[in-house]
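Chain letters run A, B, ... following the sequence lines, proteins first, then strands; residues in each count from 1.
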Protein chains: 2
Amino acid sequence: MNTTPPKEVLTAHQFAERAKVMKALAHPSRLMMIDALSRGERCVCDLQELIGHDISTVSKHLSVLKKAGVVTDERRGKQVYYRLKVPCILNFFHCVESVIEANNG
Amino acid sequence: MNTTPPKEVLTAHQFAERAKVMKALAHPSRLMMIDALSRGERCVCDLQELIGHDISTVSKHLSVLKKAGVVTDERRGKQVYYRLKVPCILNFFHCVESVIEANNG
DNA sequence: TTTTCATTTGGCATTATTGCCAAACAATGA
DNA sequence: TCATTGTTTGGCAATAATGCCAAATGAAAA
């Protein structure tokens, strides 16, 4: 009697977990921050200058990314520095670009 | 005088384009459909059985994926068959899984 | 301690997404 | 033609996401 579920069949719960991560990545400002963080850690003030929105908005975007497990933060003195926790995310954008090119081409 | 923009600096517009594609992928039902389509084309009725939602809901999810350029459709007789247009999307889920594992571990 | 600077949180209005039902459309078969 | 099957679209209510302001918190400097 086999009680181990086959690996290749995914549960609804697993798709929901994936969707949460994807959702965290599905906003232009958050993608812009991820791009910046791919070149090294940044404080919130750096990112707010980059994004140009209210600092509270930027902070909330970062908390979305943090809750999804995409970035980590560390306070040093008065500032909080964020960095990419899972850089493999960057690999995906080549593929996304190919989607965009196919759309426009 | 250099008028060619440097490749590595991305515009707000480009991040917005990427976000559109990510947004299309950021829903459990749509991820489930993509997973099914990764094993071959499916008609809307197949996918509705898989998802379990109203057929109109499933159809709208598919139109989101289609508009994002992730899938294509083809009518054959009474049925419309969908298939993955850009399979490289699948590669990303290994990375997403590693995010999820890091979150739970 | 009080002030100042950096960041987060609460609250709220605005907008976007989701999923259902009903109606419309498309293609086939009777 | 009319009926049937499969899919899409319109409309709507419920829910979620976004971004601002104001207030709160944390850490350092005066």
Side-chain angles (χ1 to χ4, degrees), chain A residues 12-13 15-34 36-37 40-85, chain B residues 12-13 15-34 36-37 40-85:
Chain A
H13 173 259
F15 288 113
E17 289 292 303
R18 287 182 176 188
K20 277 185 202 164
V21 177
M22 299 303 287
K23 207 176 271 193
L25 301 174
H27 190 284
S29 298
R30 294 198 288 269
L31 291 181
M32 205 178 289
M33 296 195 227
I34 287 170
L37 295 179
E41 64 171 19
R42 298 281 188 277
C43 67
V44 181
C45 51
D46 290 338
L47 294 169
Q48 106 110 138
E49 192 175 7
L50 174 74
I51 303 298
H53 283 173
D54 193 276
I55 185 100
S56 71
T57 300
V58 173
S59 177
K60 278 180 184 173
H61 278 307
L62 286 166
S63 91
V64 169
L65 290 173
K66 188 180 162 189
K67 201 176 286 184
V70 174
V71 302
T72 31
D73 62 338
E74 182 190 353
R75 181 178 276 274
R76 288 204 299 279
K78 286 194 242 181
Q79 295 171 316
V80 177
Y81 289 87
Y82 280 83
R83 54 173 168 277
L84 268 194
K85 197 175 165 190
Chain B
H13 174 258
F15 288 113
E17 288 292 303
R18 287 182 176 189
K20 275 185 205 165
V21 177
M22 299 303 287
K23 207 175 273 194
L25 301 175
H27 190 285
S29 297
R30 294 197 288 268
L31 292 182
M32 205 178 291
M33 295 196 227
I34 287 170
L37 295 179
E41 65 171 19
R42 297 280 188 278
C43 66
V44 181
C45 52
D46 289 339
L47 294 168
Q48 106 109 141
E49 190 174 9
L50 175 74
I51 302 299
H53 284 172
D54 192 277
I55 186 99
S56 71
T57 300
V58 171
S59 176
K60 279 181 183 171
H61 278 306
L62 286 165
S63 91
V64 169
L65 290 173
K66 187 180 163 187
K67 200 176 287 182
V70 175
V71 302
T72 31
D73 62 337
E74 182 192 351
R75 181 178 277 273
R76 290 208 295 279
K78 285 193 241 180
Q79 294 172 317
V80 177
Y81 288 86
Y82 281 81
R83 54 173 168 275
L84 269 193
K85 197 174 163 189

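Proximity note for Asp54(B) (side chain, C-beta onward) versus dA26(C), dC21(C), dG26(D): the nearest is dC21(C). Taking only side-chain atoms of Thr57(B), from C-beta outward, the nucleotide of dG19(C), dG19(D), dT9(D) with the closest atom is dG19(C). Of all nucleotides listed (dT7(C), dG19(C), dA6(C)), dG19(C) comes nearest to the side chain of His53(B). Picking from dT8(D), dT7(C), dT18(C) the nucleotide with the shortest atom distance to the side chain of His27(B) gives dT18(C).
Between Glu74(B) atom CD and dT8(D) atom P the separation is 13 Å, expressed in whole Å. In this entry the distance linking CD of Gln48(A) with P of dT7(C) reads 9 Å, nearest Å. Going from atom CG of Asp46(A) over to atom P of dC5(C) covers 18 Å, rounded to whole Å. Between the CE atom of Met33(A) and the C1' atom of dT7(C) there is a distance of 13 Å, rounded to whole Å. Straight-line distance from the CD atom of Gln79(B) to the P atom of dC25(C): 22 Å, rounded to whole Å. We find that CG of Leu31(B) is positioned 11 Å from P of dT18(C), with the value rounded to whole Å. Atom CZ of Arg75(A) is separated from atom C1' of dA28(D) by 10 Å (rounded to the nearest Å). Between the P atom of dT7(D) and the NZ atom of Lys66(B) lies a distance of 13 Å, rounded to the nearest Å.
Residues Ile55(A) and Ser59(B) both approach DNA chain D. Their nearest nucleotides, taken by heavy-atom distance, put Ser59(B) toward the 5′ side. Comparing Lys78(A) and Lys23(A), the nucleotide of DNA chain C nearest to each residue sits closer to the 5' end for Lys78(A).
A donor-acceptor pair is defined here as one N or O able to donate and one able to accept, closer than 3.5 Å; such a pair exists between the side chain of Arg30(A) and the backbone of Ala24(A). Side chain of Ser59(A) to main chain of Ser56(A): no donor-acceptor pair is present (N/O by atom type, distance under 3.5 Å, no hydrogens or angles). Side-chain atoms of Gln48(B) come within 3.5 Å of backbone N or O of His53(B) as a donor-acceptor pair.
Scanning atom types as modelled, one donor and one acceptor separated by under 3.5 angstrom connect the side chain of Lys60(A) and the base of dG10(C).
The phosphate of dG19(D) has OP1 or OP2 within less than 4.0 Å of a side-chain N or O from His61(A).
Counting non-hydrogen atoms under 4.0 angstrom, Ser56(A) reaches a base of the nucleic acid. Using a 4.0 Å heavy-atom cutoff across all strands shown, Arg30(A) reaches sugar-phosphate atoms only and no base atom. Tyr82(B) comes within contact range of the sugar-phosphate backbone alone, with a heavy-atom separation under 4.0 Å but no base atom that close.
Counting heavy atoms from C-beta outward, Asp73(B) and Leu62(B) have side chains that stay 4.5 Å or more apart. Counting heavy atoms from C-beta on, the side chains of Val44(A) and Gln79(A) never come closer than 4.5 Å.
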